[in-house]
There are 2 protein chains.
Amino acid sequence: MAVQGAQVVGRVALLLRLVGRKPEGTSLAGLVRESGLTRPTVHRLLTSLAAEGLLEHDMSSGKWVLGPEVFLLGSVAAARFPMEDIARPSLRRLAAETGESAFFSIRRGNETVCVLREEGSFPVRSFVLHEGVRFPLGVASAGTAIMAFLPPKEQESLLADWPAHAADFAAGHPADVVRDNLEQTRLTGYSVNPGLILEGSWGMGAAVFDQQTRPAWALSLTGIEPRFRPDRQEFLGKLLLEEAHRMTARLQGA
Amino acid sequence: MAVQGAQVVGRVALLLRLVGRKPEGTSLAGLVRESGLTRPTVHRLLTSLAAEGLLEHDMSSGKWVLGPEVFLLGSVAAARFPMEDIARPSLRRLAAETGESAFFSIRRGNETVCVLREEGSFPVRSFVLHEGVRFPLGVASAGTAIMAFLPPKEQESLLADWPAHAADFAAGHPADVVRDNLEQTRLTGYSVNPGLILEGSWGMGAAVFDQQTRPAWALSLTGIEPRFRPDRQEFLGKLLLEEAHRMTARLQGA
DNA sequence: AGATTTCATCCACAATATGGACACCACCCA
DNA sequence: TGGGTGGTGTCCATATTGTGGATGAAATCT
């Protein structure tokens, strides 16, 4: 769309993203469904990508997974994105002090992608969120925390075409509910997801800002509803904001 | 080549690999030269890849670097390739005990790619090798260590078309010299690169084997010539073999 | 054993990517 | 000042390339 004569590049990138969402792998049919492309096309692209080592075809399960070449390129790219070094200490502290699982997500276009996870000690854990999972902005606590601090114009343009943007999540996330959540997030500084994605699975998030003071990342916590009652929310929110602020400060400095 | 109707996929993968070789970025002209493609084509593909976030175009320097999407995909793929966890302890020990810089490389097709580096304490260091650098099999100590333990047929097929395979390195690495090095490597277990890539910059390597007992990875050390005199080679070789064996054992178990 | 779903491959067709050509810019040196 | 060099960005006619409907094989369910 952006560039002429680049149809395949877009399709390749789309497939890589889709495959990357499921660490356990995705079937051809699944990718056909999710990509909206025809089966022969998907099949040919997957085979080619596998020949280049960007994907692998697990013969036993028939599923497609990210290949060694992606790992290699990623480890080179990681030098330019030292998120692990910067975010891990905060995640550890959050997980240790709260007992919940802590996550670090990054904004990528109109989505958030979960990059890092630190398990908490609390024995009941939700697996809605894990490394590689993507949500539209405004969905899940991280995406809400980020969207709330975007320029109002950008927020409006997302809300204007909300059903298209939120896609599968639009049903559970009506535009007016999202609008309220964003407003609330701006008031308190942190976002709360009251089980909108999966009933009983709650989350809270806080945005981390880049040098241009744009919300580019987010820290978040997830757990079950009883652990996110109003009285505890304040405590969790304070911790999140503290760590988010610490990271923002470090990133401004660098 | 392998797959029909996939020209672009191959080209895209090629460009990503080329960009990944230089952490500081590569210019359009450089990529045109290295890829053998025409400039409009390279330009269009780069622009498209940048639009997808797989590359970034540094406006100030005009160079192309790996983008955030590669980082994200890579951090998902890293779960399937836990090299960091497995290799880092060995690298640390090697660097600590020898003072040289230690590297972990992975075989990828007919190349080796350097994935991990651990700096030694010795104050003179070579920067020929760093994360992302690729060499044809048989070039550099890691590639020699791996190639020496491939099935003889595969070695022969590489040597048969040596100038094409070794490309730029063919001049400094005549086929008969490489053949001798491989033979020597099989005798001692470890490889020695006596400054063939850059005069005075030596290296030694040892292969690490996968579940099918194929040489899939290599540990290596690099430093200046006086630190790799024959008397010390034995010491370094022993350490390398020890750590390589330890890693092989761990990988067989898993 | 038949029904259903998923995967693999073929091939005529035209949409798509290609690359020669041109325009532009920055820099260097006579 | 002006011509030379080396780099980047863009256009557009062309045919090479990728497309996807259709068909068959294979696996899985009923």
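Chain letters run A, B, ... following the sequence lines, proteins first, then strands; residues in each count from 1. Keep in mind that the numbers below use all heavy atoms, side chains included, and drop hydrogens, waters and symmetry copies.
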For a quick test of reading the model: is some side-chain N or O of B/Arg11 closer than 4.0 Å to OP1 or OP2 of D/dT17?
no

May I ask you to say whether A/Glu154 pairs ionically with A/Arg214, meaning some side-chain N is under 4.0 Å from a carboxylate O?
yes

Under 3.5 Å, is there a donor-acceptor pair between the B/Thr38 and B/Thr41 side chains?
yes

Salt bridge flag under 4.0 Å for residues A/Lys22 and A/Glu131:
no

Which residues share a side chain to side chain donor-acceptor pair (under 3.5 Å) with B/Ser126, sequence neighbours left out
B/Ser201

Mark yes when over 12 heavy atoms from residues, nucleotides or ligands other than A/Glu24 sit less than 6.0 Å from its CD; otherwise mark no.
yes

Which nucleotides of nucleotides 4-14 of chain C have their base under 4.0 Å from a protein heavy atom (B), which only their sugar-phosphate (S), and which neither (-), written as one string 5' to 3'?
---BBB-----

Hey, does A/Leu55 have a side-chain heavy atom less than 4.5 Å from the side chain of A/Leu66?
yes

Just how far, in rounded Å, is C1' of C/dA17 from CG of B/Leu14?
16 Å

Phosphate oxygens OP1/OP2 of C/dT16: is one of them under 4.0 Å from a side-chain N or O of B/Gln7?
no

Report the distance from atom CG of A/Leu37 to atom P of D/dT19, rounded to the nearest whole Å.
8 Å

What bend angle does the helix from C/dT16-D/dA15 to C/dA30-D/dT1 show across its length, from five-pair end axes and to the nearest 10 degrees?
10°

N-O pairing of B/Glu100 and B/Arg125 below 4.0 Å:
no

Whole-Å distance, A/Leu45 CG to C/dT16 P, equals 14 Å

Separation of C/dC25 atom C1' from B/Met59 atom CE, nearest Å, is 15 Å

Identify whether the distance between the nearest side-chain nitrogen and carboxylate oxygen of B/Arg134 and A/Glu69 falls below 4.0 Å.
yes

Of the listed nucleotides (D/dG21, C/dG20, C/dT16), which one gets closest to any side-chain atom of A/Thr38?
D/dG21

